[in-house]
Amino acid sequence: MTDSDKPTNFIQQIIGDDLASGKTSKVVTRFPPEPNGYLHIGHAKSICVNFGLAESFAGECNLRFDDTNPEKESDEYVQSIIEDVKWLGFNWSGDIRFASDYFDQLYQWACDLIYQNKAYVCELNVEQMREYRGTLTEAGRESPYRYRPAAESRALLEQMKAGEIPEGAMTLRAKIDMASPNINMRDPVLYRIKRIAHHRTGDKWNIYPAYDFAHGQEDAIEGVTHSICTLEFAANRPLYNWFIENLDVPSTPSQYEFGRLNINYSITSKRKLKQLVDEGHVEAWDDPRMPTISGLRRRGVSPQAIRNFCDSLAVAKTDGVVDMAQFEHFIRDDLNINARRAMCVLKPLLVTFTNYDQSEQFTASSHPQRDDLGSRELPFDRQIYIDQSDFSEDTGLSRKKFKRLVLGEYVRLRGAYIIRADEVIRDTTGDIQEIKASVIENTVGADAPEGIRPRGVIHWVSALNSVDCTVNLYDRLFNQALPDSGEGSFTDHINPNSLKVLKGCKAELSLANIQPTERYQFEREGYFCRDSKTDESLVFNCTIGLRDNWKA
RNA sequence: UGGGGCGUGGCCAAGUGGUUAAGGCAUCGGGUUUUGAUCCCGACAUUCGGAGGUUCGAAUCCUCCCGCCCCAGCCA
C-alpha cells in the first residue's frame, strides 16, 4: 500500500484539523524513551509513528531521554537507544534532549506550585500514603501535611534537595483532589528523595521529579505540539493537563494515546526483556532471539523490514495481538528483494562422481530477478556436498512428494549439472557415508536430454572448494502464544529449543569473507547473515526460513 | 466495584446513516519457475459483541446488556 491510499489514522486526522484551524502551525512530536533498557519492536512502532507523523506533516521530531529515575538508568542504555534509532534510519530534530537538562526549570516550577498553594511537602511514608489514597471505589483522605504553610514546604523542599532528609521520609505532592474518581489526581507525588548519583547530573540532585511532573513540562519546553504515547497513559492525561494549566509553561502540548504493539510468541516489555537477560535465559540484549532492535539487527532483519511492518500496523485505540506471521512476512518480503543468493549445505552428505575428474567454474547470478546484484563463481569438482535431507534410497517416493535425489534417479544441481545417484556407501555402523553418482554431460545451463527427468533442483557445494562454517538456527523464544497471560511467570513458557547450533556446515567460497551487515539467502534454506559477535570463525545466524508451502 | 478506553472473518484492520462490508497477514485451490522461494490467478464475513429502538435505509444514531484492557509505585 502506498502512502496515498493508506487510510489516515485518528492522530493524523487530529493533526490535520489542528493545522487547518491554525491551532498548530508546525507539528512537533517526540520519541521519549527512558534509558532503562534496550529498545524493542514495540518502540519501533512508536518511533515510526512519531517520526513518521512529523515527516508527513513537514514537522519535526525530537529524541528525548526521559531520565528522571537514576536508579534504573545508565549511559549504556542511552548509547544503545541512539544507535538503534539511527539504524532504523530516523533523524531527530536538533540535539538529543534529556529530561535531566530541565531539572533546574522543573524545580523552579515546583516552587511556583508551592507558592500558589498547589503543592506541599508531605511526610507520609509509602504505606501511609497508600492508605490515605483510598481505593477504586472509596475516596482518599487528605494528608495531615496538606495545609502546612507554603514557606514551610518551600524550606523543607530545599532541605530535601540538599540531601538533608533521608530517602522515603518526605515527598513533594500536588494539592488536587483526594476524592477524584481518577486516582492519578489524588495528590500525586511530584518529587521524591533519591540520594543516588544520576548518570548525567552526578550527585547534584538528591530529589528527582516523577514522570507526571516531568513529561508534560518537557514537552512544553521543547514546543512539542502533539505528545503521542501509549494507551496506559490515558488516565494520566488529566494530570498532564493540570500541570500545563497551572504552570507558566512556554507552550501547550496535548497528549494522545494509541494502542501499543503486542506480538504473539513474543514479549514487548522492557522490564521482562531485562529479566530474560539478567536471569541468563538469553545471551544478552542483542541475542538474535530477542525482539529488541539490536537483537533483530544481529539476527539479520533489515531496518526497512521493521519499518514496513510498523507501517502496516494500525494506529488506533484497540489493543490487539499481532500475529508473528505478519512480522515475518515483512522480513521475508524485504530480504527476498534485496538479499543475494548463495548456497550453503547445512548437513553435508558427500557425493563422488565416478565419471568426472575435472574442475570447472560456473557463474551463477546473485539474484534471480535482479541483475544489478551481479553474480558469483561456483567451483565444481569431482566431489561435492549435498544436504542429507536431499537424498533418499526409497525409490517408491512419488515425484510430487519428493523433488530431490533418489537412488537410481536424476536431480538438477542448482546452476550446474544434472546428476544421477548410482550407489550408496555405508560406514561400519550402517549409516550412509557417501553417494557414488554420475554427471550427465552437457546439462549445464541446458535442458534435460530426452528421457532424463530430474525430480527437482537441489543446492550443493564443492567438497574441495568450500568453507566450513557454523549455523545458528532459531525457533520462537516462547512456546505459548501469550506467554504473559494465565498463571505463573512468562519465563515458564520459554522454549528450551529456541537455539540450534549446526557445526560443520559447508558454505560456498563467496561467503567466506562477508560482513555481518550483508544479508544473504541460502537457497532452499532461508535468509542468513554473519554473526556480528564472532569474528574468528565463520558463524551464520538464520534470520528466517523460506516459506514452506508443501505438505510432506 | 469508581474512573478511563476498546469490541468488524483465524490475526491486524478500513469504514464517520445510502451501490454486492476495503486492504494486509494466514489458510485453501490452480498456473509459471534450474530455489517445494519469488511471481501470477482464484476462493475465503448475507454480516459488524448481544438484544431492542429510531429511520424509506444502520457496522455507522439511541437504549439496555455482555466481554476485554488500563489506573489504587515515592516506576515510566
Side-chain angles (χ1 to χ4, degrees), chain A residues 1 5-9 13 32-34 36 66 68-69 71-72 122 124-126 129-131 133-140 167-173 180-186 188-194 207-208 210-212 214-215 229-238 257 259 261 264 270-271 312-314 316-330 332-333 336-337 341 343 364 367-369 400-404 411-416 418 443-448 454 456-459 521-526 545-552:
Chain A
M1 218 187 310
D5 56 16
K6 197 176 165 184
T8 58
N9 63 56
Q13 289 178 23
E34 182 191 13
N36 64 345
D66 212 0
T68 56
N69 183 1
E71 231 167 289
K72 301 178 171 180
C122 180
L124 254 27
N125 63 33
V126 180
M129 204 181 289
R130 186 182 307 129
E131 234 182 271
R133 187 154 35 227
T135 67
L136 294 178
T137 50
E138 302 158 42
E167 284 192 19
M170 294 182 190
T171 57
L172 179 72
R173 294 225 259 163
S180 172
N182 181 347
I183 295 182
N184 293 289
M185 301 299 273
R186 319 239 264 230
V189 169
L190 272 36
Y191 270 95
R192 69 292 211 199
I193 301 168
K194 281 180 191 287
I207 58 174
Y208 293 92
Y211 165 83
D212 288 301
H215 208 94
C229 61
T230 43
L231 249 25
E232 67 269 26
F233 291 100
N236 298 59
R237 187 177 353 111
E257 312 88 21
L261 171 63
N264 60 16
K270 236 194 269 176
R271 206 201 90 226
S312 81
L313 267 14
K317 295 197 152 200
T318 45
D319 47 1
V321 181
V322 175
D323 199 324
M324 180 61 93
Q326 187 164 334
F327 186 25
E328 293 177 338
H329 163 78
F330 285 97
R332 288 196 184 96
D333 191 48
N336 174 52
I337 295 167
R341 312 285 126 123
M343 292 194 282
H367 192 111
Q369 281 90 236
K400 189 155 174 98
K401 272 225 161 130
F402 195 77
K403 304 168 108 167
R404 311 176 184 195
V411 82
R412 158 79 66 182
L413 295 178
R414 172 111 239 225
I418 290 172
T443 52
V444 180
D447 289 340
V457 182
I458 64 172
H459 59 105
Q521 180 195 102
F522 290 177
E523 289 188 291
R524 298 211 314 134
E525 293 289 358
L546 252 31
R547 256 187 68 156
D548 213 354
N549 279 331
W550 62 289
K551 299 159 280 292

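Order of the sequence lines sets the chain letters (A, B, ...), proteins ahead of strands, with each chain counted from 1.
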Quick check on [N]: is either OP1 or OP2 less than 4.0 Å from any side-chain nitrogen or oxygen of [X]?
{"X": "Asn236(A)", "N": "A76(B)", "answer": "no"}
{"X": "Ser312(A)", "N": "A13(B)", "answer": "no"}
{"X": "Arg130(A)", "N": "G73(B)", "answer": "yes"}
{"X": "Lys194(A)", "N": "C75(B)", "answer": "yes"}
{"X": "His459(A)", "N": "U35(B)", "answer": "no"}
{"X": "Arg332(A)", "N": "U38(B)", "answer": "no"}
{"X": "Thr318(A)", "N": "A13(B)", "answer": "yes"}
{"X": "Arg133(A)", "N": "G73(B)", "answer": "yes"}

Rounded distance in Å between the [atom1] positions of [N] and [M]:
{"N": "A51(B)", "M": "C44(B)", "atom1": "P", "result": "25 Å"}
{"N": "U16(B)", "M": "A21(B)", "atom1": "C1'", "result": "15 Å"}
{"N": "C6(B)", "M": "C74(B)", "atom1": "C1'", "result": "32 Å"}
{"N": "U27(B)", "M": "G50(B)", "atom1": "C1'", "result": "29 Å"}
{"N": "A14(B)", "M": "A22(B)", "atom1": "P", "result": "15 Å"}
{"N": "G49(B)", "M": "G9(B)", "atom1": "P", "result": "8 Å"}
{"N": "C40(B)", "M": "G24(B)", "atom1": "P", "result": "11 Å"}

For atom CG of Asp447(A), decide whether the heavy atoms of other residues, nucleotides or ligands shown that lie under 6.0 angstrom number more than 12.
no
I'd like to know if [X] reaches the base of [N] with its side chain such that a donor and an acceptor end up less than 3.5 angstrom apart.
{"X": "Gln369(A)", "N": "U33(B)", "answer": "no"}
{"X": "Gln521(A)", "N": "U35(B)", "answer": "yes"}
{"X": "Arg524(A)", "N": "U35(B)", "answer": "no"}
{"X": "Arg237(A)", "N": "G4(B)", "answer": "no"}

Applying a 4.0 Å non-hydrogen cut-off, can you work out what [X] is touching in the nucleic acid: base, sugar-phosphate, or nothing?
{"X": "Gly445(A)", "answer": "base"}
{"X": "Ser180(A)", "answer": "nothing"}
{"X": "Thr230(A)", "answer": "nothing"}
{"X": "Leu124(A)", "answer": "base"}
{"X": "Asp212(A)", "answer": "nothing"}
{"X": "Phe233(A)", "answer": "base"}
{"X": "Arg186(A)", "answer": "nothing"}
{"X": "Ala364(A)", "answer": "nothing"}
{"X": "Arg341(A)", "answer": "base"}
{"X": "Pro368(A)", "answer": "base"}
{"X": "Lys317(A)", "answer": "sugar-phosphate"}
{"X": "Met343(A)", "answer": "nothing"}
{"X": "Val411(A)", "answer": "nothing"}
{"X": "Gly320(A)", "answer": "sugar-phosphate"}

Taking side chain as C-beta onward, heavy atoms only, is Glu131(A) less than 4.5 Å from Leu124(A)?
no
Using atom types as modelled and distance alone, determine if a side-chain donor or acceptor of Asn9(A) lies under 3.5 Å from a backbone N or O of Ala316(A).
no
Short side-chain to backbone donor-acceptor contact, Arg192(A) and Gly168(A), under 3.5 Å:
no
Between Arg412(A) and Ile183(A), which is nearer to the 5' end of RNA chain B once each is assigned its nearest nucleotide?
Arg412(A)
In a check of side chain to side chain donor-acceptor pair (under 3.5 Å) between Glu523(A) and each of His459(A), Arg414(A), Arg341(A), which one passes?
Arg414(A)
